[in-house]
Amino acid sequence: MTLQIRVIAPDKIVWDAKAEEIILPSSTGQLGILNGHIPLLTALDIGVMRVRINKEWKPIILLGGFAEVNNNIVTILVNGAEEILEIDIETAKSEIETATNAVEEANSNKEKIEATQVLRKAKARLQAAIVINN
């Protein structure tokens with residue numbers, strides 16, 4: 001038994017495949033979905049969605065949005081997404097350091113918000129790199 005998972009960004013369909021399990025970065029924490037899950041609508045945060053296909057986990061970075069679960073179909077509408085094929089952990093750590101410095105050096109609220117978003121994306125890339133390399 002599988003779930004049909006579809007990830008839709010404003011400019012393209014990022015993912016459209018079947019999987020045994022999905023873990024979503026919801027706004028209240030990690031949310032696991034298996035076959036037979038009750039209907040659900042949830043907000044998503046910036047973070048890593050993990051999809052299990054044939055006992056292997058595939059990470060996809062989601063940049064916020066919403067997910068609907070109904071009749072073993074998971075529809076995910078996101079602001080943006082990055083399918084991860086390969087990420088170097090050291091590069092990801094360097095991106096976090098750069099983004100952290102940008103947050104600390106931000107002068108206006110707008111700059112701080114933008115820098116915080118970049119930092120959250122960098123942290124999600126590091127989390128995805130760890131999933132890939134394990």
Side-chain angles (χ1 to χ4, degrees):
M1 303 251 245
T2 59
L3 298 166
Q4 179 64 43
I5 301 169
R6 191 167 211 201
V7 179
I8 304 168
D11 58 340
K12 65 181 177 178
I13 295 174
V14 178
W15 180 272
D16 191 3
K18 293 183 185 269
E20 291 86 35
E21 181 178 0
I22 182 171
I23 299 175
L24 296 168
S26 79
S27 58
T28 57
Q30 300 265 321
L31 177 62
I33 307 292
L34 295 169
N35 189 51
H37 199 284
I38 63 169
L40 172 74
L41 181 61
T42 187
L44 300 175
D45 206 354
I46 293 174
V48 178
M49 174 183 88
R50 292 177 288 165
V51 180
R52 185 170 58 89
I53 302 172
N54 298 325
K55 298 184 182 179
E56 289 190 28
W57 288 97
K58 169 132 180 82
I60 297 174
I61 297 173
L62 302 181
L63 305 178
F66 295 91
E68 177 189 39
V69 179
N70 195 12
N71 294 324
N72 296 323
I73 299 171
V74 182
T75 305
I76 301 165
L77 304 175
V78 292
N79 299 324
E82 296 178 20
E83 191 170 356
I84 304 301
L85 303 175
E86 186 176 312
I87 296 179
D88 178 58
I89 290 178
E90 292 307 314
T91 301
K93 287 180 180 178
S94 175
E95 289 176 359
I96 289 175
E97 186 176 326
T98 301
T100 301
N101 290 338
V103 170
E104 292 171 358
E105 295 171 2
N107 294 319
S108 69
N109 283 341
K110 181 182 177 192
E111 287 176 357
K112 189 168 226 106
I113 290 168
E114 290 171 353
T116 300
Q117 292 292 84
V118 170
L119 177 59
R120 293 172 70 197
K121 290 176 192 176
K123 287 180 178 179
R125 285 188 191 101
L126 177 60
Q127 185 181 3
I130 291 168
V131 170
I132 288 173
N133 292 307
N134 282 338

Measure the [atom1]-[atom2] distance between [X] and [Y] for me, rounded to the nearest 0.5 Å.
{"X": "Leu44", "Y": "Ser27", "atom1": "CG", "atom2": "OG", "result": "7.5 Å"}
{"X": "Thr116", "Y": "Lys121", "atom1": "OG1", "atom2": "NZ", "result": "11.5 Å"}
{"X": "Glu68", "Y": "Ile76", "atom1": "CD", "atom2": "CD1", "result": "11.0 Å"}
{"X": "Met49", "Y": "Gln30", "atom1": "CE", "atom2": "CD", "result": "12.0 Å"}
{"X": "Lys112", "Y": "Asn107", "atom1": "NZ", "atom2": "CG", "result": "9.0 Å"}
{"X": "Thr100", "Y": "Lys123", "atom1": "OG1", "atom2": "NZ", "result": "6.0 Å"}

Taking all atoms of both residues into account, what is the closest heavy-atom pair of [X] and [Y], and its distance?
{"X": "Ile5", "Y": "Trp15", "answer": "O-CD1, 3.4 Å"}
{"X": "Asn72", "Y": "His37", "answer": "OD1-N, 4.2 Å"}
{"X": "Asn70", "Y": "Pro39", "answer": "OD1-CG, 3.8 Å"}
{"X": "Pro10", "Y": "Gly80", "answer": "CD-N, 4.5 Å"}
{"X": "Lys18", "Y": "Thr2", "answer": "CD-OG1, 3.7 Å"}
{"X": "Leu119", "Y": "Ala99", "answer": "CA-CB, 3.6 Å"}

Report the C-alpha separation of Val78 and Leu63 in whole Å, then their side-chain angles, then the decisive distance to 0.1 Å, and conclude whether the side chain to side chain contact (heavy atoms under 4.5 Å, CB included) test is met. CA-CA 6 Å; Val78 292; Leu63 305 178; 5.9 Å; no
Are Leu31 and Phe66 connected, step by step, through hydrophobic side chains (Ile, Leu, Val, Met, Phe, Trp, Tyr) whose heavy atoms are closer than 4.5 Å?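 In one cluster with Leu31: Phe66, no.
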Is it true that Val14 and Ile53 fall in one hydrophobic cluster, defined by side-chain heavy atoms closer than 4.5 Å?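 Per the 4.5 Å side-chain linkage, Val14 and Ile53 are co-clustered.
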Does a sphere of radius 6.0 Å around CG in Asp16 hold more than 12 heavy atoms from other residues, nucleotides or ligands, not counting ones at 6.0 Å or beyond?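 Check passes, neighbour count above 12.
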Give a yes or no on whether Glu20 atom CD has more than 12 heavy-atom contacts from other residues, nucleotides or ligands under 6.0 Å away.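 Yes - once you tally the heavy atoms of other residues, nucleotides and ligands closer than 6.0 Å, there are more than 12.
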Just do the side chain to side chain contact (heavy atoms under 4.5 Å, CB included) check on Gln4 and Thr75 with the steps written out, would you? CA-CA 8 Å; Gln4 179 64 43; Thr75 305; over 6 Å; no
List for me each residue that meets salt bridge (charged side-chain N to carboxylate O under 4.0 Å, His left out) alongside Asp11, sequence neighbours excluded, and say none if there are none.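 Asp11: no salt bridge (charged side-chain N to carboxylate O under 4.0 Å, His left out) contacts found.
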Taking side chain as C-beta onward, heavy atoms only, is Trp57 less than 4.5 Å from Ile23?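 In contact.
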pair Leu40-Ile33: side-chain heavy atoms closer than 4.5 Å: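 Yes, close enough: below the 4.5 Å cut-off.
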side-chain contact (heavy atoms from CB on, under 4.5 Å), paired with Val7, selected from Leu62, Val74, Ile22, Val51: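 So the option named by the test is Leu62.
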With side chain to side chain contact (heavy atoms under 4.5 Å, CB included) as the test, would you mind laying out the steps for Gln117 and Ile46 before giving the verdict? CA-CA 8 Å; Gln117 292 292 84; Ile46 293 174; 3.6 Å; yes
